[in-house]
2 protein chains.
Amino acid sequence: MGIIRKTQSVEVLLNEFQEKSNAISAIELIKRLSSQINKTTVYRVLDKLEDDGVLHSFLDNSGIKWYAKCNDCSKAGHTDMHPHFQCVSCGKVDCLSIEVTIPPIPNREIEVSQILIQGRCESCNVK
Amino acid sequence: MGIIRKTQSVEVLLNEFQEKSNAISAIELIKRLSSQINKTTVYRVLDKLEDDGVLHSFLDNSGIKWYAKCNDCSKAGHTDMHPHFQCVSCGKVDCLSIEVTIPPIPNREIEVSQILIQGRCESCNVK
DNA sequence: ATAATTAATGCAACTGAGTTGCAAATATAG
DNA sequence: CTATATTTGCAACTCAGTTGCATTAATTAT
Ligand SMILES: [Zn+2]
Ligand SMILES: [Zn+2]
Ligand SMILES: [Zn+2]
Ligand SMILES: [Zn+2]
């Protein structure tokens with residue numbers, strides 16, 4: 001349904017995505033903002049921000065939901081598709097700006113593809 | 001830990017994967033076998049069959065677990081990596097035998113990649 | 001500015017997939 | 001056939017996410 005009013009909760013949540021550009025799990029946001037926003041509200045605002053093309057979401061390999069900023073999406077739809085990377089060592093998740101081409105599959109019409117890559121991130125790799 | 005004894009439950013579950021070669025969700029198996037096997041046992045046997053390299057599992061875009069037969073995996077490890085396809089129309093899920101290459105990512109060491117493609121399957125595409 | 005309208009919020013209770021502990025049942029080895 | 005170890009069923013639990021509803025806050029109309 002999208003955001004209609006510019007409330008405190010919306011402002012606070014958007015602020016969390018201002019600084020760093022990596023993804024944040026819904027659970028982490030709920031924990032971080034527990035003193036300011038109720039968890040139901042966190043889920044609802046995230047949902048609306050996704051509808052508005054401000055954030056996009058995806059599930060990690062344990063089925064929990066992550067959110068990150070969109071690049072060129074709008075209320076009309078999410079066009080900014082990309083793989084996500086989760087570090088098996090530190091757990092950090094971020095958006096990859098690489099292009100992965102899915103070859104056409106006979107008799108099947110591809111709509112979307114979700115790619116989750118797991119490995120070791122820059123910081124964890126040097127050690 | 002793997003399967004040690006050839007019990008009824010193991011036999012019944014393996015049988016479900018005998019016929020068709022598409023993936024089956026844990027929930028569907030629990031529903032299907034509810035008169036024969038308890039849900040806890042279903043989860044436990046599936047888990048062990050995965051350890052043995054007989055089945056492999058993955059999550060769909062709503063976070064629920066699916067299982068399918070492996071090709072050349074063993075107790076030693078799962079080598080048979082491939083994308084999965086879920087039909088947005090009928091919900092059917094199957095393994096794709098296509099190869100999708102993930103380009104190397106600077107400073108990151110890739111371990112595994114999970115690819116879930118959504119679209120319309122053969123049967124739903126003709127209509 | 002004030003009141004009326006409508007959307008957003010908090011809370012508590014719920015949902016549903018998957019897990020855990022433990023006692024009873026069953027498979028395998030001797 | 002008995003002893004031992006694994007597997008099973010059950011009930012109770014976990015935990016991310018959802019729902020209903022009364023209250024609060026933002027926007028619009030007066
Ligand atoms: Zn890391
Ligand atoms: Zn992203
Ligand atoms: Zn279909
Ligand atoms: Zn598969």
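A, B, ... follow the sequence lines: proteins, then strands. Residue 1 opens every chain.
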Can you tell me the distance, in whole Å, between the [atom1] atom of [X] and the [atom2] atom of [N]?
| X | N | atom1 | atom2 | answer |
| --- | --- | --- | --- | --- |
| Asn38(B) | dG21(C) | CG | P | 16 Å |
| Lys31(B) | dG16(C) | NZ | P | 11 Å |
| Gln8(A) | dG10(C) | CD | C1' | 15 Å |
| Glu28(B) | dG16(C) | CD | P | 16 Å |
| Ile3(A) | dT9(C) | CD1 | P | 7 Å |
| Glu11(A) | dT9(C) | CD | P | 12 Å |

Could you tell me whether Glu16(A) and Arg32(A) make a salt bridge, using a distance below 4.0 angstrom between a side-chain N and a carboxylate O? yes

**OP:** Side-chain contact test, heavy atoms from C-beta onward, threshold under 4.5 Å: evaluate it for Asn61(A) versus Gln114(B) and give yes or no.
**Re:** yes

Taking only the side-chain nitrogens and oxygens of Ser9(A), find out if one of them lies under 4.0 Å from OP1 or OP2 of dT9(C). yes

Touch class at under 4.0 angstrom, heavy-atom based, for [X] against every strand present:
| X | answer |
| --- | --- |
| Lys39(B) | base |
| Ile30(B) | nothing |
| Thr40(A) | base |

Worksheet item: Where the side chain of Arg5(B) is defined as all heavy atoms beyond and including C-beta, which of dG10(C), dA8(C), dA27(C) is the nearest nucleotide?
Response: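 Of all the options, the side chain of Arg5(B) is nearest to dA27(C).
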
Closest of dA8(C), dA17(C), dG10(C) to the Tyr43(B) side chain is dA17(C)

Item checked: Intermediate values then yes/no, salt bridge (Lys or Arg N to Asp or Glu O under 4.0 Å), Arg108(A) and Glu122(B) -> CA-CA 6 Å; Arg108(A) 282 184 236 221; Glu122(B) 318 93 312; 3.6 Å; yes

Using heavy-atom distances to pick each residue's nearest nucleotide on DNA chain D, tell me which of Ile4(A) and Lys48(B) is more 5'.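 Its nucleotide being nearer the 5' end, the pick is Lys48(B).
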
Cut-off 3.5 Å, side chains only: do His78(B) and Asp80(B) have a donor facing an acceptor? no

Counted 5' to 3', the first and last nucleotides of DNA chain D within 4.0 Å (strictly under) of a heavy-atom of chain A are dA16(D) to dT27(D)

Notebook entry, point to check: About how many Å separate CG of Asn15(B) and CG of Leu33(B), when rounded to the nearest 0.5 Å?
Noted result: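 Leu33(B) CG to Asn15(B) CG: 9.5 Å, rounded to 0.5 Å.
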
Overall bend of the helix from dA1(C)-dT30(D) to dG30(C)-dC1(D) (five pairs an end, 10° steps) is 30°

- Donor-acceptor contact below 3.5 Å, side chain Asp51(A) vs main chain Met1(A): yes

